[in-house]
Amino acid sequence: MKKELATKYDPSSFEDRLYAMWSENGYFTPLRDDTKTPFTMVIPPPNITGQLHMGHALDNTLQDILARYKRMCGYPTLWLPGTDHASIATEAKIVEAMRKEGVTKEDLGREKFLERAWAWKEQYGGRIIEQLKKMGSSCDWTRTRFTLDEGCSDAVKEVFVRLYEKGLIYRGERIINWCPHCKTSISNAEVDHENQKGHFWHIRYPLVGGGGYVEVATTRPETLLGDTAVAVNPNDERYKDMIGKYVVLPLVGRRIPIVADEHAQLDKGTGCVKITPAHDPNDFEVGKRCSLPMEVVLTEDAKITDSYPKYAGMDRYEARKAIVEDLRAGGYLAEIEDLEHEVGTCYRCGTTIEPMLSLQWFVKMEELAKPAVKAVRDGDIRFVPERFDKNYFHWMENTQDWCISRQLWWGHRIPAFYCDDCGELVVTKESEAYCPKCGKKMRQDEDTLDTWFSSALWPFSTLGWPNETEDYKYFFPTNTLVTGYDIITFWVSRMIFSSLEYTGVSPFNTVLIHGLVRDAQGRKMSKSLGNGIDPLEIISTYGADALRFTLATGNSPGNDMRFSAERVEASRNFANKIWNAARFTLMNLTDDTDFYSLDVASLRPEDKWVLSLFNKTVKETRENLDKFEIGIALGGIYDFLWDILCDWYIELIKPRLFDKEGATNKAAQQTLNYVLSGTLKLLHPFMPFITEEIWQALPHVGDSIMVSDYPEYNEDFNFPADEKYMSGVIDAIKAVRNRRAEMNVPPSRKAHIFIKTPDRSAFEGSEIFFEKLASAAGVSYLEGEEPENAVSIVSGDSVLYLPVNEMVDTEAERARLNKELENAEKMIASANSKLNNADFVSRAPEKVVNIEKDKLEKFTALKASILAELERLN
RNA sequence: GGGGGCUUAGCUCAGUUGGUUAGAGCACCUGCCUUACAAGCAGGGGGUCACAGGUUCGAGUCCUGUAGCCCCCACCA
């Protein structure tokens, strides 16, 4: 019934075995049970290109803690895993691999390229899944999904068609962010802003017909080629007469008008702005308002187009140099200012974004954003910690239309078809279409959708939507979403408005936000810095439990954390501590003991004391987990296990355990097994492997700790009197140890303890604890004279005398007692000042007042003892 | 420009709705190989909780301001 544990804690010897056992027994797969409320989470799908990094490790540790906790609480728990096709990242990776072979996308053609991409997915896509398993993640792998699988693709098409029909998806020419390296449009959310050093070039545009020039300024002089106007503010007195006149565009020679538009600000620069409608979002708006031509001057790889032969084929930066040089030569350059400004860059490759006029697909955001804001405002969805809702609101309330088309092949192809003959457009879920007007076979849009378009549907597309599957009906909406704050705008916000629009409900009720895992110096872990720590290496050195403990402990929602080997070592030491406590327990459990009942009547005070503290720990753990205070919950278990169970309880009961014939031996065994098993259960969500391995070795009922019941607060296991008694005994033992250590008395030198106390029952029954834990040769109660050459130890209302053979330094004793007296008086004064304050007594809660009363009582008694002691020394 | 966060022991950080003498890990000092654990045990030193005000019976915790560091968002030529 009980088993041996290896002498040494070696997580690698059992972690994989236990994971396989859980998996084979189907514990990760929930059963739908209409009599029970399910608990559902969807994993933030890692990119198939990805390798497990610390961010995943943290994210998945938190999710697994919640999943295992809820499962043990009896909820049919579905943690649904999967991966993201990550269109832009994956395509870039494959293109890069092809480049090494000297092959381009175009060489292969779409079909062959996609074959290659799928092959790549088959080969590497599962890698990260295997790595998640190493972490102990209790995902239901039978329900693993992929954003590009059939079901998800169906959901994507369904959504696209519905939104199009509703007028919420449209195709139009807008200024989009163009990445010249990835050669695709990207959304605003995918643009990073980076501070760059640049220049502000002031350029003179001569007025047509002479009479001077207007001066404009720009950070991108090459866009001059695309200028189709100069704008001034309609209220600008300086230029009133110029409106409607023309200037000559330098180098190009084109006549362009001076227009009036609010965009030009009176107090900014010269008040004149060059307008490049095809390469600047503001200018685009001006262009629309003033009906200006839109002149595209850059190709898709950011080279000047053939329309400008002198610069054609030059890269945008080469062209910038050449144009500035030519402006200088032509006398158009007025001034060059140094300037630091924010430049948009591609979040994938870091290339500077080129705003460009382009025909793309967009999602109209205004109408979708409103209910999404409301859901959070009304509390249907709650961010933990709450402060992130500000982030969310700000983004949701200011978001612009979402550019969803990408000039990529790896992804969901846009379900739109064009008729080359009559220009008809059809949007349909079908894989081909014929023109409703002329019957001709239509050509499908070449572009694919933004990766985030499919991730936005993840909580319901993975459960079968748009079909009303059993899973969808039972598990949706999900409960908790766990993710980093860096992904709220990309993903969380889009899931919320998507779900509200298509399913009519919020996709989850809680968003648990965590921070970034940084290195020991607080820097972001990144490939370029090379400061990343590989979770798999940590696992192989210290074990998955140690890694998980490190990530969970002291972690508070939304805050970044630093990761260092020292912290993992401390975690491993904790695991080792548990391991040894368990080994000790197993050595002392005997087969003839009944471990399945606990007879309270047979328990000694220390048993009841530990049960009572365990019970408190259970309550606090559950409360904290329910509040998502995972770090605090774990801290409580850690303290109980190490400080209470190991450092005190086990030491207290050693004499009873070693005396197999003793009357209270069985009760000690039972209590120890009960409390240790219970603590392992409390700890299981955090450290699943070690808790399972030990639980299996201990006497137990059931097949696995992971499907056992999470401990519940037990009203019958509250023993306040025993708590008070034991804390008095422990205080006294600590006081004795303290004094002995101060005097450098080695533990081997035992000394008798004489106790002078108004209430012997405060210590009776605990004499053996003083012998074992305070190096006492024996304990007796003092009636008359204090012993000669004894140091005194004041603890509560009692004084303990320790006869040491040396002459006691009376002066030193007096000084020490005076110091203690001072402290006691300070405490008494503090308590008195509160208790004498009528406002305090009347306004503070009774509990707080009682604490002060107890404090006063305790230190008054202590003071009396100290004074008596001082008296004796005189 | 807007928003948010951080500042607590030598270091890294907890501190849950304001309420016992502000905690932990690591590091440091002292003593222990006490037959579960030296990855350990016992004891110890070390903090005017960034600064200045305010609210409150009571502030590390709430409010205002100041300083330093960090992050997010934003189309300003």
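Convention: sequence-line order gives letters A, B, ...; per-chain numbering from 1.
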- Query: Out of B:rC71, B:rA36, B:rG43, which nucleotide sits closest to the side chain of A:M587?
  - Reply: B:rA36

- Message: Any side-chain to backbone donor/acceptor pair from A:N233 onto A:A264? Under 3.5 Å, distance only.
- Response: yes

- Message: The side chain of A:N744 is closest to which nucleotide in this list: B:rC37, B:rG43, B:rU30?
- Response: B:rU30

- Message: Given B:rU20, B:rA36, B:rG15, identify the nucleotide with an atom nearest to the side chain of A:S556.
- Response: B:rG15

- Message: Among B:rA39, B:rG43, B:rU20, which nucleotide has an atom closest to any side-chain atom of A:K734?
- Response: B:rG43

- When the distance from CG of A:N832 to C1' of B:rU20 is rounded to whole Å, what number comes out? 15 Å

- Item | Side-chain heavy atoms of A:H199 within contact of A:V324, under 4.5 Å | no

- Query: Checking A:R740 side chain against A:P746 main chain: does a donor-acceptor pair fall under 3.5 Å?
  - Reply: yes

- Residue A:I632, side-chain atoms from C-beta onward, closest of B:rA36, B:rG43, B:rU16: B:rU16

- Query: Is any side-chain nitrogen or oxygen of A:K834 closer than 4.0 Å to OP1 or OP2 of B:rU20?
  - Reply: no

- Starting from C1' on B:rC71, measure out to CZ on A:R387 and report it in whole angstrom. 11 Å

- Message: Once you apply a heavy-atom cut-off of 4.0 Å, does A:A217 come out as touching a base, just sugar-phosphate, or nothing?
- Response: sugar-phosphate

- Message: Between A:F686 and A:Y638, is the ring centroid distance below 6.0 Å?
- Response: no

- Which is true for A:G631 with a 4.0 Å heavy-atom rule: it touches a base, it touches only sugar-phosphate, or it touches nothing? nothing

- Sugar-phosphate only, base, or nothing, as touched by A:P845 at under 4.0 Å among non-hydrogen atoms: base

- Task: To the nearest Å, give me how far apart CG (A:D486) and C1' (B:rC71) are.
- Result: 11 Å

- Query: Looking at side-chain heavy atoms only, is the closest gap between A:I630 and A:N624 below 4.5 Å?
  - Reply: no

- Out of B:rU16, B:rC71, B:rG19, whichever nucleotide has its closest atom nearest the side chain of A:K627: B:rU16

- Distance-only donor-acceptor test, A:R572 side-chain atoms vs B:rA39 base atoms, 3.5 Å: yes

- Message: In whole Å, measure the gap between the P atoms of B:rG23 and B:rG46 for me.
- Response: 14 Å

- Message: Let's see if you can work this out: which of B:rA39, B:rA42, B:rA36 has an atom nearest to the side-chain heavy atoms of A:N573?
- Response: B:rA39

- Strictly by modelled atom types, are A:T860 and A:E857 linked by a side-chain donor-acceptor pair under 3.5 Å? no

- Item | Closest non-hydrogen atom pair between A:V568 and A:F563, with its separation | CG2-CZ, 3.4 Å

- Query: Going by modelled atom types, is there a donor-acceptor pair between the base of B:rA74 and the side chain of A:Q400 at under 3.5 Å?
  - Reply: no

- Message: Considering every strand and a 4.0 Å limit on heavy-atom distances, what is the contact class for A:W642: base, sugar-phosphate, or nothing?
- Response: sugar-phosphate

- Base, sugar-phosphate, or nothing for A:E623, non-hydrogen atoms under 4.0 angstrom? nothing

- Item | For atom CD of A:E190 and atom P of B:rA74, their distance in whole Å | 12 Å

- Message: Measure CE/A:M396 against C1'/B:rC73 and give the value in whole Å, please.
- Response: 15 Å

- Query: Under 3.5 Å, is there a donor-acceptor pair between the A:Y9 and A:N573 side chains?
  - Reply: no

- Watson-Crick or G-U stems of RNA chain B, 3 or more pairs, under 3.5 Å, by first number: B:1-7 with B:67-73, B:10-13 with B:23-26, B:28-32 with B:40-44, B:50-54 with B:62-66

- Would you check if the side chain of A:N673 reaches a backbone N or O of A:Q669 as a donor-acceptor pair within less than 3.5 Å? no

- Answer with base, sugar-phosphate or nothing: what part of the nucleic acid does A:T489 contact at a heavy-atom distance below 4.0 Å? nothing

- With sugar-phosphate meaning primed atoms plus P, OP1 and OP2, does A:A570 contact a base, only sugar-phosphate, or nothing at under 4.0 Å between heavy atoms? sugar-phosphate

- Query: Think A:K616 forms a cation-pi with A:F640, using NZ or CZ under 6.0 Å from the six-ring centre and within 45 degrees of its axis?
  - Reply: no

- Does a nitrogen or oxygen in the side chain of A:N391 sit under 4.0 Å from OP1 or OP2 of B:rC73? no

- Could you work out the separation of B:rG44 and B:rG58 based on their P atoms and round it to a whole Å? 33 Å

- Message: Between B:rA42 and B:rC11, how far apart are the two P atoms, rounded to whole Å?
- Response: 27 Å

- Note on the structure: Between NZ of A:K8 and C1' of B:rA36 the distance, given in whole Å, is 14 Å

- Considering only the C1' atoms, how many Å lie between B:rC62 and B:rU16, rounded to the nearest integer? 15 Å

- Task: For B:rA67 and B:rA52, measure between their C1' atoms and round to the nearest Å.
- Result: 11 Å

- Query: Honestly, is A:R320 close enough over A:W201, meaning NZ or CZ under 6.0 Å from the six-membered ring centre and within 45° of the axis?
  - Reply: no

- Message: Counting the atoms with a prime plus P, OP1 and OP2 as sugar-phosphate, which does A:A575 contact under 4.0 Å by heavy atoms, base, sugar-phosphate, or nothing?
- Response: nothing

- Query: With rounding to whole Å, what would you report as the distance between B:rC63 and B:rG40 at their P atoms?
  - Reply: 41 Å

- Item | Atom P, compared across B:rG18 and B:rC6: separation rounded to whole Å | 16 Å

- Of A:D647 and A:N580, the one whose nearest nucleotide on RNA chain B sits closer to the 5' end is A:N580

- Message: Any base atoms under 4.0 Å from A:L773, or only sugar-phosphate, or nothing? Heavy atoms, all strands.
- Response: nothing

- Query: Taking the side chain of A:E651 as heavy atoms from C-beta outward, which of B:rG44, B:rG3, B:rC37 is closest to it?
  - Reply: B:rC37

- Given that A:W648 and A:P747 both sit by RNA chain B, which one's nearest nucleotide is further toward the 5' end? A:P747

- Flag if over 12 foreign heavy atoms under 6.0 Å of CD, A:E386: no

- Query: When all nucleic acid strands are considered with a 4.0 Å heavy-atom cut-off, which category describes A:K858: base, sugar-phosphate, or nothing?
  - Reply: base

- With a 4.0 Å cut-off on heavy atoms, is A:K750 in touch with a base, just the backbone sugar-phosphate, or nothing at all? nothing

- Checking all strands, does A:F859 fall into the base, sugar-phosphate, or nothing category for heavy-atom contacts under 4.0 angstrom? base

- Decide whether A:T223 and A:K274 meet the rule of one side-chain donor and one side-chain acceptor closer than 3.5 Å. yes

- Query: Of all of residues 560-567 of chain A, which get a heavy atom below 4.0 angstrom from RNA chain B, listed by number?
  - Reply: A:R562

- Message: Side chains of A:E354 and A:H279 only: does a donor on one sit below 3.5 Å from an acceptor on the other?
- Response: no

- Task: Would you kindly give the OH-to-P distance between A:Y638 and B:rA14, to the nearest whole Å?
- Result: 17 Å

- Rounded to whole Å, the CD1-C1' distance (A:I650 to B:rG40) equals 13 Å

- Task: Please state the C1' separation for the pair B:rA9 and B:rU56 - nearest whole angstrom.
- Result: 29 Å

- Just call it for A:E342: base, sugar-phosphate, or nothing, with non-hydrogen atoms closer than 4.0 Å on any strand. base

- Message: Side chain of A:K577, heavy atoms from C-beta onward: which of B:rA39, B:rA36, B:rU16 has the nearest atom to it?
- Response: B:rA36

- Query: With sugar-phosphate meaning primed atoms plus P, OP1 and OP2, does A:C646 contact a base, only sugar-phosphate, or nothing at under 4.0 Å between heavy atoms?
  - Reply: base

- Nearest-neighbour nucleotide for the A:A581 side chain, B:rG4, B:rA42, B:rA36 considered: B:rA36

